Amino acid sequence: MKEHESVLPESPLSDDDVLDNFFKPTRRVQAPKTKKPAQKPAHYKICCISLYKEDIENLESMVQILKRRGYSKANKSQLIRYALSTVDLDSMPKQL
């Protein structure tokens, strides 16, 4: 057999389609993902209030006391909501 002769009559890899299909993954065209806007919860709003550092420390201390007493899910928001629901506006002094 001559040096440049092939054993096979034709090369199975000579066709570019075979190589492209075998080695190059086909790209699938995907529809663009459209994100639905996140729905905001209707049962609460986030607000920001200013408190003195001492008040924040007092609030955090009260939360820790509640947790030691077994209120494992106690947090500042919960404590403030409770305080708001039990405040007596008639006994509120004119100036604090």
Side-chain angles (χ1 to χ4, degrees):
M1 184 181 341
K2 293 184 183 177
E3 198 173 311
H4 63 279
E5 286 184 28
S6 172
V7 176
L8 296 174
E10 77 178 52
S11 172
L13 300 178
S14 65
D15 190 13
D16 288 338
D17 292 337
V18 172
L19 291 174
D20 286 344
N21 291 334
F22 190 73
F23 291 108
K24 294 180 184 175
T26 57
R27 285 190 176 181
R28 294 182 181 167
V29 179
Q30 295 179 353
K33 294 180 181 178
T34 55
K35 280 190 172 181
K36 293 181 182 177
Q39 290 196 347
K40 295 180 181 178
H43 64 286
Y44 72 93
K45 284 186 176 183
I46 296 173
C47 71
C48 178
I49 60 170
S50 299
L51 295 173
Y52 293 109
K53 288 182 180 182
E54 308 86 52
D55 294 332
I56 294 171
E57 290 169 3
N58 189 23
L59 182 61
E60 290 172 344
S61 174
M62 289 178 171
V63 169
Q64 290 306 314
I65 291 169
L66 286 172
K67 287 186 176 192
R68 282 194 296 270
R69 291 182 180 177
Y71 296 90
S72 60
K73 295 184 179 183
N75 59 50
K76 292 178 276 200
S77 295
Q78 185 182 34
L79 188 55
I80 291 171
R81 284 193 305 275
Y82 175 74
L84 288 172
S85 69
T86 60
V87 68
D88 179 13
L89 295 176
D90 293 330
S91 65
M92 182 83 172
K94 293 282 183 187
Q95 292 184 349
L96 295 176

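Predicted model, so just to flag it, every value in this text is computed and none were measured.
- Transitive grouping of hydrophobic side chains (ILVMFWY, heavy atoms separated by less than 4.5 Å) brings I56 and I49 into a common cluster.
- By the criterion of side-chain heavy atoms lying less than 4.5 angstrom apart, applied directly or through intervening Ile, Leu, Val, Met, Phe, Trp or Tyr residues, M62 is grouped together with L66 in one hydrophobic cluster.
- Transitive grouping of hydrophobic side chains (ILVMFWY, heavy atoms separated by less than 4.5 Å) brings V63 and I80 into a common cluster.
- Rounded to the nearest 0.5 angstrom, D55 CG and S50 OG are separated by 11.0 Å.
- Sorted by first and then second residue, the salt bridge (charged side-chain N to carboxylate O under 4.0 Å, His left out) pairs with a member in residues 68-83 read E60-K76; sequence neighbours excluded.
- Applying the side-chain contact (heavy atoms from CB on, under 4.5 Å) criterion to D90, with sequence neighbours excluded, gives D88.
- In this structure, L84 places its CG atom where more than 12 heavy-atom neighbours from other residues, nucleotides or ligands lie under 6.0 Å away.
- Clustering ILVMFWY residues whenever any of their side-chain heavy atoms sit less than 4.5 angstrom apart, transitively, puts L79 in the very cluster that holds Y71.
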